[in-house]
S.K.: 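My questions will all concern the structure given below.
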Amino acid sequence: MSNDPFDPANWDDTEPSAAPGAPAPILEPFYLEGLNPQQRAAVEATDGPVLVLAGAGTGKTRVLTTRIAHLLGTGKSWPGQILSVTFTNKAAREMQHRIAQLIGGVADGLSWLGTFHSIAARILRRHAELVGLKPNFTILDADDQLRLLKQLISAAGLDEKRNPPRALAGLIDRWKNRGLTPDRLNPEDNHSFADGRGRELYTAYQERLATLNAADFGDLLLHNITIFQREPEILAQWQRRFKYILVDEYQDTNVAQYLWLRLLAQRWRNVCCVGDDDQSIYGWRGAEVGNILRFESDFPGAKVIRLERNYRSTGHILGAASGLIKANEGRLGKTLWTEDALGEKVQVTGYWDGEEEARGISDAIEGMRGHGRKLAEMAILVRAGAQTRAFEERFVAVGLPYRVIGGPRFYERQEIRDALAYFRVTVQPDDDLAFERIVNVPKRGLGDATIQQLHVLARGRGISLHRAAGLIVETDEMKPRPRSALRDLMTGFERWRAIGGDLPHTELAQTILDESGYTAMWQADKSAEAPGRLDNLKELIDALAGFENLTAFLEHVALVMEIERGDGTQDMVTLMTLHGAKGLEFPVVFLPGWEEGLFPSQRSMDENGLAGLEEERRLAYVGLTRAREKAIVSHAANRRLYGQWQSAIPSRFIDELPGDHAQVEARPGLWGGLSERGGFTPAMNDSDLFGSRGLSPGFQRAAQNRAAGPAPRVGPRTLDLNADYVTSSDAGGDFKAGERVFHQKFGYGRISHIDGNKLDINFEKAGTKKVIASFVTKA
DNA sequence: CGTTTTTGCCTTTTT
DNA sequence: GGCAAAAACG
């Protein structure tokens, strides 16, 4: 441990004294230079609750970072006393980076700058035992979570088709986001899944997590809240520590995050929330715009500061975006302005179909490139990830370099998850989910039957699969082939754990992948993607080098699902979703697919009505305000969806763009009348029903769901976990030597020797076998 | 037990 | 139309 006073590890929890080692106050600190009056007010209002309403492009991050510099510079606080939370890892990195630029190394002590989840995880590790976990608990990702729920659903005797694990995952997530533990669930919440068995499954899920020593994402915050509410002493300790709290993107916080913040902020009440209600686009994930709308009543006496001067976009772009967002109700209201020139109007273009749209946009991109624009200055922002496909195809065809942001993420790739599972089992043998993932990868001849056997034993004895495997390979329960395969794997893990002490962890990781046969598996694979996967594994080992040990790396991976990639050198067009673009800016922004049903998404409107529509509109607002100089909106009359042609009318958002800021390229030929190509209009297309008669995909889906009718009743069944856990003759010591017993596979026999829970038995037909006690009953 | 064929579902958005 | 999981086959 260092002597660094900024290192929180060296920080005791005693009351901080007034101004620890404060540098002499400077009359006009350098970092305040160049701030506008509102920004400056937001920076200098250090004490008491502050809400900063920061419109798009108004210097929000600058205010946050400068405020931190100010807190440190005036000696009001140590770095370790500042809690600054962001929503995404990207934002956290960005802040860290910019503070370092501003004040240099002092920023290193800001160890409580991070995402809600990463900070909550750190706090939880210190008090894990209070919620029935060990400090080294695993953080489950979506995939693990789903597999677990699947097991629970079938254990409850429910049909997976009718009760999809995904739906349950979503439900539990929403409950957790609202701060609801199973015991706090309202009766009416309970009816939304499997005939009101949601709560039962939720409870079972939490129990499973506890036995697995695991927490999912929602738990990180929820457990924090539980601890804070139950242990006032612990809460007080954290409250004392965090003298200043800063929150980025406050409009995106959910109820759990809000509760967490409010608990922590209660002592000093120095909480500064920055956000923009017009950019709230995560309602589907539990974000409560209400949090920001209610701020003043939650924190009486709060200062509200509006940042309205935009430094990013031209007048026309700002005017178009402002005009659009006016259609929403229940806003706090801001009027963005700029001293910039009006610039070009937002251009709206109609196309015949999606292919023509992709062609048109790629032509426009090449045109601009011809006029000296860099590709990196241009971005295409789409509503849904799948929409990037059409552009990718076109760009590949014409050889235009592009990058897709947010596609399948590095740590979600199969080979990476497999490798990580090996590491997890090495570090934490009891991680059943990881164990299950790799027992038979590469193929070792350990199929369903073997795994089932392990499960039965593990549940019967209340131990992990890994330990069950350790036991069972000592016996003759298994056929020789799977048995020796399993034993090899187990000795492998033992060896890796043993050498882990001396070997650098990167080498250990490499050894694990090599010796387990995992690397060889992909080397032997002749498919096209195998080389890429091997590259990814190499990259994984490289990434590992940046961490102290495997454990630290695994923690990082669980919370930061992305990897820092050193691209950036090549000039490329950026392709991403509107959600992914929040917080970014580009000189030129293309906004394709503005069609009713696609954007605004039919599904959002079906599921959330007006609120859904307004969120879509905010998304459109976010999209437009990403542009500095040029925004180009487009829509297509026909689009292929699920392999079927659908025709669509232009998005209502296009109509809502004020005419004096938008230029609509008139192409009346596309709707009604004859089109330029061929003699028929979209109206004659057999699938024109979209929109005109309400048969959009979402509507059809909704209709089908309704038509599906109630589930056939299978009689009342209750989830009885005990039934699974208590198997016959659980206790091993119940047998005596010489006793006659029965075994499912080997038949009758007599016990010749007892070794703990392992029995040597002379079977009448099968000969002498070593067998686990729980597989035997008294005859 | 592992491979091939068939089905069914899907396109929001992410820590 | 494409992809992943289930089913069917060897």
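A, B, ... follow the sequence lines: proteins, then strands. Residue 1 opens every chain.
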S.K.: From the set B:dT3, B:dT13, B:dT15, return the single nucleotide nearest to any side-chain atom of A:Tyr282.
M.R.: B:dT13
S.K.: Relative to A:Tyr282, does A:Arg285 satisfy both conditions: NZ or CZ under 6.0 angstrom from the six-membered ring centre, and within 45 degrees of the ring's axis?
M.R.: yes
S.K.: Run the salt-bridge test on A:Asp488 and A:Arg444 with the 4.0 Å N-O cut-off and return the result as yes or no.
M.R.: no
S.K.: Let's test your reading of the pairing rules: Watson-Crick or G-U wobble, both distances under 3.5 Å, then write DNA chain B as a dot-bracket string with ( ), [ ], | and dots.
M.R.: ||||||||||.....
S.K.: Output the rounded distance in Å from CD (A:Gln602) to P (B:dC10).
M.R.: 16 Å
S.K.: To the nearest Å, how far apart are A:Leu578 CG and B:dT13 P?
M.R.: 11 Å
S.K.: Assess whether a salt bridge exists between A:Glu656 and A:Arg617, defined as any Lys/Arg side-chain N lying under 4.0 Å from an Asp/Glu carboxylate O.
M.R.: yes
S.K.: Under 4.0 Å from OP1 or OP2 of B:dG2: is there any side-chain N or O of A:Asn440 that close?
M.R.: yes
S.K.: Give me the distance, rounded to whole Å, that separates B:dT11 from C:dA6 when you measure between the C1' atoms they each carry.
M.R.: 22 Å
S.K.: Give A:Ser604 one of three labels, base, sugar-phosphate or nothing, depending on what nucleic acid heavy atoms sit under 4.0 Å from its own.
M.R.: base
S.K.: Do A:Asp216 and A:Tyr205 pair up side chain to side chain, a donor and an acceptor below 3.5 Å, judged on atom types alone?
M.R.: yes
S.K.: For A:Asp278, which residues count as a salt bridge (Lys or Arg N to Asp or Glu O under 4.0 Å) partner, sequence neighbours excluded?
M.R.: A:Arg331, A:Lys334
S.K.: Is A:Ser601 touching bases, backbone alone, or none of the nucleic acid, heavy atoms closer than 4.0 Å?
M.R.: nothing
S.K.: Check DNA chain B against residues 609-618 of chain A and give the residues with a non-hydrogen atom under 4.0 Å, in numerical order.
M.R.: none
S.K.: Would you find more than 12 non-hydrogen atoms of other residues, nucleotides or ligands less than 6.0 Å from A:Glu94 atom CD?
M.R.: yes
S.K.: Across the strands shown, which category fits A:Leu446 at heavy-atom distances under 4.0 angstrom: base, sugar-phosphate, nothing?
M.R.: sugar-phosphate
S.K.: Please determine whether a side-chain nitrogen of the Lys or Arg among A:Lys582 and A:Asp252 lies less than 4.0 Å from a carboxylate oxygen of the Asp or Glu.
M.R.: yes
S.K.: Within this structure, what is the CG-to-P distance between A:Asn177 and B:dT14, rounded to whole angstrom?
M.R.: 15 Å
S.K.: Would you please classify the geometry between the A:Phe653 ring and the A:Trp594 ring as parallel, tilted or perpendicular, with 30° and 60° separating the classes?
M.R.: perpendicular
S.K.: Residues two or more places apart in sequence or in another chain: which of them pass side-chain contact (heavy atoms from CB on, under 4.5 Å) with A:Asn89?
M.R.: A:Arg93, A:Thr115, A:Val560, A:Glu562
S.K.: Can you list the residues that meet the salt bridge (Lys or Arg N to Asp or Glu O under 4.0 Å) rule with A:Glu415, with sequence neighbours excluded?
M.R.: A:Arg533
S.K.: Roughly how many Å is it from CZ in A:Arg93 to C1' in B:dT15, rounded to a whole number?
M.R.: 13 Å
S.K.: Would you indicate what A:Arg389 reaches in the nucleic acid, counting non-hydrogen atoms under 4.0 angstrom: base, sugar-phosphate, or nothing?
M.R.: sugar-phosphate
S.K.: Kindly give the atom pairs (protein nitrogen or oxygen, nucleotide nitrogen or oxygen) under 3.5 Å for nucleotides 4-6 of chain C.
M.R.:
none

S.K.: On the six-membered ring of A:Phe137, is A:Arg125 placed so that its NZ or CZ lies under 6.0 angstrom from the centre and within 45° of the ring axis?
M.R.: yes
S.K.: Looking across every strand, which nucleic acid part, if any, lies under 4.0 Å from A:Ala449 by heavy atom: base, sugar-phosphate, or nothing?
M.R.: sugar-phosphate
S.K.: For the residue pair A:Phe242 and A:Trp238, does the interplanar ring angle fall in the parallel (under 30°), tilted (30 to 60°) or perpendicular (over 60°) class?
M.R.: parallel
S.K.: Rounded to the nearest Å, what distance is computed from the CD atom of residue A:Glu393 to the C1' atom of nucleotide C:dG1?
M.R.: 11 Å
S.K.: Could you give the CG-to-C1' distance, from A:Asp606 to B:dT11, as a whole number of Å?
M.R.: 14 Å
S.K.: Check the distance between B:dT15's P and A:Leu140's CG and give it to me in whole angstrom.
M.R.: 17 Å
S.K.: Closest nucleotide of DNA chain B for A:Gly445 versus for A:Gly580: which of these residues is on the 5' side?
M.R.: A:Gly445
S.K.: If only side-chain N and O atoms of A:Thr450 are considered, is one of them under 4.0 Å from the OP1 or OP2 phosphate oxygen of B:dC1?
M.R.: yes
S.K.: Taking CD1 from A:Ile139 and C1' from B:dT14, how many angstroms apart are they, rounded to a whole number?
M.R.: 16 Å
